[in-house]
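Below is one structure, written out as structure tokens, with a few remarks after it.
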Amino acid sequence: MKPIVPFLSSAASEERGMWSQTLPAALNDIADVLAFEDMTPAQRAAARVAIVANPDPAEVRALPNLKWVQSLWAGVERLTAELPEDGPEIVRLVDPQMAQTMSEAVLAWTLYLHRDMPRYRAQQEKKIWQPQTLKLPSERTIGIIGLGELGRASATRLRQNGFQVAGWSRSKKHLSGITCYNGADGLQSLVASSDIVVLLAPLTSETEGLLNSELLACFKNNACLINFARGPIIDTPAMLASLENGPLAHAVLDVFATEPLPQDSPLWTHPQVAVLPHISAPTIPETAVQIVRDNIAAYFETGIHPKSVDRSRGY
Ligand code: NDP
């Protein structure tokens, strides 16, 4: 008899429906994938590994013998915050295709800011014919906060397009062609030397509110911000004040503390803000299911699951 692997998700019904078709088909030779709500108490007790997409943590806790969960998302802050530390190990999605997709988004929105598109859009609205001074990519420094799977791929892509690139991470890194910083002083140095700051760090107790008024005051004059990580890493009132009074000139925001962004948010209509609906690097079902399948097949064969989140660090 094949092992049963529960699937837990709080996604919208269309997305849940897609995964409910894709996962059982992809894992058919190694396991029976069942939706959590369709499982009997005995099946729930037998489950050792579950596949999750931003699940209700209470449902994860209702699987008493779970050793680990495989997330279909790269960001797992809800699970790390709500599952007990002695609960199942949390394995997040690490997909090279997602890193490529994110690097494409970082490049696209960096070029949008680099080539002054917000300013030309504003000029067009007022019928102003006014060329701005052209800068070369080599004259711009892009600072990436977070040099993990997504940050490193983005740094490489920006370098390939001629930008100067710097990055900040918890541990000291040596990456060819990239100025690497760490520590609190390193973060100040990164933002003080960057024309565009890109957020690609996980949301943890240490990164929540990281971009506060103190750090924003260290930004270069007329610097721009891209947040492709998680909304609460930015102190939004402090960012709005910085957009109004400087030094920030523009912000591209893909992620927010509340999603969808509430209708009454001032960000929707702010002239210096571009709002995106959390689309910079969605999970790609075709590549994700193969990774999930291979991870679970290897676990059934060897008893070893992939590297999991370090609960003390929160990522
Ligand atoms: P990784 O875990 O691979 O990398 C995280 C990076 O952040 C590492 O370089 C890590 O440092 C650094 N970091 C974490 N905490 C700190 C800290 N306190 N101080 C300094 N550096 C820190 O994550 P990914 O690159 O895969 O993903 C990053 C985030 O992107 C995800 O957590 C998720 O929230 C978000 N995301 C957003 C998507 C979207 O569509 N908008 C899609 C996918 C992910 P070190 O290298 O030293 O460990």
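Counting starts at 1 for both ligands and their atoms, following the listed order. Quantities reported herein were computed from a predicted structural model and do not represent experimental measurements. Residue numbers start at 1 and run along the sequence shown.
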In terms of atom number and element, which parts of ligand 1 are under 4.0 angstrom from non-hydrogen atoms of [X]?
X: A74; value: 43 (C), 44 (C)
X: D254; value: 39 (C), 40 (O), 41 (N)
X: A229; value: 34 (O), 35 (C), 37 (C)
X: H278; value: 39 (C), 40 (O), 41 (N)

Would you call [X] and [Y] a salt bridge, using N to O less than 4.0 angstrom?
X: R293; Y: D29; result: yes
X: R140; Y: D195; result: no
X: R170; Y: E206; result: yes
X: E77; Y: R230; result: yes

Item to check | side-chain contact (heavy atoms from CB on, under 4.5 Å) between L93 and W73, worked out | outcome: CA-CA 5 Å; L93 182 67; W73 286 26; 5.9 Å; no
So for ligand 1, is [X] a polar contact partner (N or O within less than 3.5 Å, distance only)?
X: A281; value: yes
X: G148; value: yes
X: L150; value: yes
X: T204; value: no
X: F228; value: yes
X: I279; value: no

[atom] [closest protein heavy-atom partner, distance rounded to 0.1 Å]:
atom: atom 11 (O) of ligand 1; value: R170 N, 3.2 Å
atom: atom 45 (P) of ligand 1; value: Y315 OH, 3.5 Å
atom: atom 39 (C) of ligand 1; value: S280 OG, 3.3 Å
atom: atom 46 (O) of ligand 1; value: K173 NZ, 2.6 Å
atom: atom 5 (C) of ligand 1; value: P202 CD, 3.5 Å
atom: atom 9 (O) of ligand 1; value: L147 N, 2.9 Å
atom: atom 31 (C) of ligand 1; value: G75 CA, 4.1 Å
atom: atom 28 (C) of ligand 1; value: L200 O, 3.5 Å

Checklist entry - In terms of the angle between their ring planes, are Y299 and W68 parallel, tilted or perpendicular, with boundaries placed at 30° and 60°? => result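 Aromatic pair Y299/W68 classed perpendicular.
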Checklist entry - Would you say the side chain of L211 lies within less than 4.5 Å of the side chain of M239, judging by non-hydrogen atoms? => result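 No, their side chains stay 4.5 Å or more apart.
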Checklist entry - Side-chain contact, heavy-atom cut-off 4.5 Å: I196 with L225? => result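 Of all side-chain heavy-atom pairs linking L225 with I196, none is under 4.5 Å.
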Checklist entry - Does ligand 1 have an atom that lies less than 4.0 angstrom from a heavy atom of W168? => result yes
Checklist entry - Out of A153, S205, G146, A201, who gets a non-hydrogen atom closest to atom 29 (C) of ligand 1? => result A201
Item to check | Residue selection (non-hydrogen contact nearest atom 3 (O) of ligand 1) among R92, R152, E77, K172 | outcome: R92
Checklist entry - Given that the side chain starts at C-beta and the backbone is N, CA, C, O, which of these parts of V255 lies under 4.0 Å from ligand 1, counting heavy atoms, or is it both or neither? => result side chain
Checklist entry - Should the proximity of E206 to ligand 1, defined as any heavy atom under 4.0 Å, be assigned to the side chain, the backbone, both, or neither? => result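 The part of E206 near ligand 1 is the side chain, not the backbone.
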Heavy atoms from other residues, nucleotides or ligands near [atom1] of [X] exceed 12 (cutoff 6.0 Å):
X: K126; atom1: NZ; answer: no
X: R115; atom1: CZ; answer: no
X: E214; atom1: CD; answer: no

Checklist entry - Taking only residues at least two apart or on different chains, which pairs with a member in residues 5-20 satisfy salt bridge (Lys or Arg N to Asp or Glu O under 4.0 Å)? => result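 Only R16-E37 qualify under salt bridge (Lys or Arg N to Asp or Glu O under 4.0 Å).
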Checklist entry - What pairs meet the ring-ring contact (aromatic ring centres under 6.0 Å, His included) rule with one or both residues in residues 131-187, with sequence neighbours excluded? => result H114-F163
